Every structure is written in C-alpha cells, then in structure tokens.
Amino acid sequence: PASPHGNVSKGINMLPVLLAAGRRALTQGPAVPSYLASFISTTSEAAQAAATASKKVAAGSTGKPPLYKEFQIYRWNPDSQEAPKYASYQVDINNCGPMMLDVLLKIKDEQDQTLSIRRSCREGICGSCAMNVDGQNTLACLCKVNRDPGHVGRVAPLPHMFVVKDLVVDMANFYAQYKSIKPYLQKKEKTSGTEYYQSKESRAKLDGLYECILCACCSTSCPSYWWNPDKYLGPAVLLAAYRWIIDSRDDATAERLAAVDDAFKLYRCKTILNCASVCPKGLNPAKAITKIKQSIAAGSPV
Amino acid sequence: MGRLSGLQIQALSLYRQAWRAARSKPAEEQPALKQYIRDEFHKHRDIPRANMMLVEHMLRAGKKKLQMLSMREVTGVHRK
C-alpha cells in the first residue's frame with residue numbers, strides 16, 4: 001500500500017490523527033483508543049482508503065493537475081542592508097484561489113513566511129491590498145490571476161511611494177493630504193439635533209464620489225503626483241474634496257473651493273487620466289477634478 | 001571628521017530635535033526618554049555612509065517617531 005505520508009495541508013483536521021491510527025493498524029494491528037473506535041475501523045481496506053484520501057490532499061484539494069506559474073515579487077527588508085530585488089516564486093495556480101491575493105497568501109503560507117503584505121477584507125472594500133500587478137495598480141483581492149503558465153506575474157508595491165517593507169508602503173503623506181481637505185460636514189449654525197435633509201437629486205450628485213475606499217491606486221498611478229507628491233493633492237483627495245464641495249448639506253462650500261484653488265494643489269492635474277482607468281471601484285476622479293476646476297471658474301459648485 | 005554629508009547633517013538635526021522634544025516633557029520622565037533616543041540612534045550607527053536608501057528610510061521612520069513623541073499627550077517612554 002502507498003505511504004500515507006505526504007504534504008498534508010496545514011489546518012485543524014483529524015486526518016493526521018486518523019492516518020497515524022491507520023498506519024498503526026497496518027503495522028501493529030488494532031491499537032485504536034476507545035474514543036476513536038467509532039471513527040476508525042482497523043481493517044486494512046480502511047487504512048488504504050485513508051491512504052488514498054491523504055494522497056488526494058497532497059495533490060491538492062481541487063483534484064486538478066498542478067499548473068505552476070512563476071511570480072516575481074518585489075522584496076526589500078530594511079533590516080538587511082541589501083538592495084531591493086524581485087524574488088521569483090513558483091505557485092500551483094490550480095490549487096489556489098483565483099485572485100492575486102490568494103497567490104500572495106499561498107506564497108506566504110507555504111514558501112516564504114517573511115513576505116509582508118497589507119490585506120484585510122479580501123473582497124475589494126477596505127483598500128488595504130492596493131499594489132502594482134503586472135504594471136497596473138489594483139487591489140490584489142480583485143485582480144484575477146493570468147492563467148497563462150508562460151506569463152510571468154510581476155507584483156510590486158504602489159509606484160513612487162516610500163517602501164516600509166516588501167509590498168507595504170508608507171501611506172502617511174496620502175492620509176495627511178486627505179485630512180487637509182477637512183473631509184467632514186461643516187455647518188454655519190449650531191446643530192439642531194435633527195437630521196439634515198437632502199433631496200434625492202442632491203443625494204444623486206454624491207454617487208460615484210462617496211464609494212471611494214482611499215486605496216491610493218489612482219494617486220499613485222498619476223505621473224503628476226509622482227513628481228509632486230508633497231504639494232499636489234492627487235486624484236483621490238481631490239475626489240474627496242469635490243464630494244464635500246457638492247454636498248448640499250455642507251455650508252463651507254466657498255471656503256472649500258478657495259482652499260483647493262491653488263496652482264499646486266489642484267492645477268498640477270494635466271488630465272493624464274490614469275486615475276480613471278485604474279480605479280478598482282470604477283470611479284472617475286478625473287471627472288471630479290474637472291468639475292472642481294469648472295466650479296472655481298464659475299464661482300459656485302457645478 | 002571632515003565635512004559632514006547632507007544625510008549626516010539631517011541625522012544630527014533629527015537627534016537635536018528629538019532631544020529638545022524630550023526636554024519639554026515632565027522632569028522625571030526625561031532621563032528614560034533621552035536614553036531611548038540615544039539607543040534608537042545607536043542601534044543603526046553601523047549603516048555604511050554609502051547606503052543612502054537605508055539611511056533615508058531610517059530618517060523618515062525617525063521623523064514619524066519624533067512626531068509622535070512631540071505630541072502633548074505623550075509624557076514618557078517605558079521599556080522592559
């Protein structure tokens with residue numbers, strides 16, 4: 001009979017215990033503890049069945065033949081004194097989830113525990129796993145893996161951001177810029193304690209603006225933001241600024257327009273339009289920026 | 001020591017700023033804070049001068065730590 005050993009997948013399951021018991025049954029005869037007796041029969045057919053089950057787990061739970069694809073992943077460790085490099089990993093994509101995040105977690109799980117990534121929701125709503133996959137900024141959890149085994153997947157951190165480690169980047173500047181546009185409701189009079197009403201048409205103006213998850217894919221795809229990350233606000237932050245400018249419940253519209261009306265904060269935008277093509281939520285920051293420019297020219301929100 | 005390079009000047013300036021931030025804290029916490037600042041800098045004293053990328057990374061991390069230390073609410077640091 002085939003050896004029940006194999007690359008049994010990690011996880012809390014009873015299979016290793018059952019296999020060990022099955023092996024004992026083969027070599028030593030029945031030595032099953034009484035509390036397991038109802039689960040394990042100690043005949044050799046049962047042991048063989050357990051062995052084939054383990055082989056199936058070793059091959060992969062999907063039962064498909066292994067399909068190996070190479071991935072080159074940007075690695076840099078600040079504690080080592082080496083230069084950054086692309087490390088190559090072979091991953092069996094037939095026994096892995098369909099998204100890039102699944103591949104990265106599989107690598108971290110099985111091959112290299114030191115790989116550092118940010119991730120949280122695995123469904124494209126938190127924005128943590130934003131990175132550059134095959135030259136495009138996306139969320140790793142929404143990016144389907146290219147199934148062509150000849151293609152080499154290339155994963156890098158968001159471009160022109162300072163790297164903390166491997167694929168984790170320093171978002172502090174991005175968050176500080178978001179804070180600077182005062183992304184909260186500002187009212188002139190004291191609050192009455194009741195809700196602030198808004199017509200359906202006014203609420204419809206916020207569609208396509210409130211869904212932003214601040215993943216920074218758009219800002220880090222903008223060449224203008226690459227060259228002036230400290231002074232140009234970037235598409236994500238300008239989208240948020242516009243969201244508050246056209247919110248009918250907000251009273252500080254004139255101040256918001258004046259705050260953003262600056263040669264560097266707003267007018268570094270040269271309508272390159274990388275932001276709109278790269279947004280993983282399908283939003284259009286470029287359109288919002290154009291609307292801000294039109295609002296400033298008109299004197300009131302457009 | 002010869003002319004200091006730009007990065008060395010930045011590192012010294014960061015050290016001085018951290019020192020001044022420590023002096024604005026309550027007197028009983030100051031020695032521990034100053035020792036912490038010294039240790040953080042001494043940990044990485046052996047980075048070669050040519051490894052600019054790593055030095056700049058350390059300076060950025062140091063500036064963030066300094067920002068946190070300068071907050072009014074932070075009164076001291078305690079280590080095991």
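What you see is a predicted model, and the numbers here were worked out from it, not measured in a lab. Proteins get letters first, then strands, A, B, ... in listed order; numbering begins at 1 in each.
For the pair Pro78(A) and Met58(B), the tightest heavy-atom approach, listed with the atom from each and the gap, is O-CE, 4.4 Å.
Annotation for Phe162(A): atom CZ does not count as buried by contact number, only 12 or fewer foreign heavy atoms lying within 6.0 Å. Atom CZ of Arg79(B) has more than 12 neighbouring heavy atoms from other residues, nucleotides or ligands inside a 6.0 Å radius. In Arg60(B), the CZ atom is crowded: over 12 heavy atoms of neighbouring residues, nucleotides or ligands sit closer than 6.0 Å. Within 6.0 Å of NZ in Lys64(B) there are more than 12 heavy atoms belonging to other residues, nucleotides or ligands.
The distance from the NZ atom of Lys43(B) to the CG atom of Asp79(A) is 9.0 Å, given to the nearest 0.5 Å. A distance of 10.5 Å separates CD in Glu82(A) from CG in Asn51(B), rounded to the nearest 0.5 Å.
Within residues 170-191 of chain A, the residues having any heavy atom closer than 4.5 Å to a heavy atom of chain B are Asp170(A), Ala172(A), listed by residue number.
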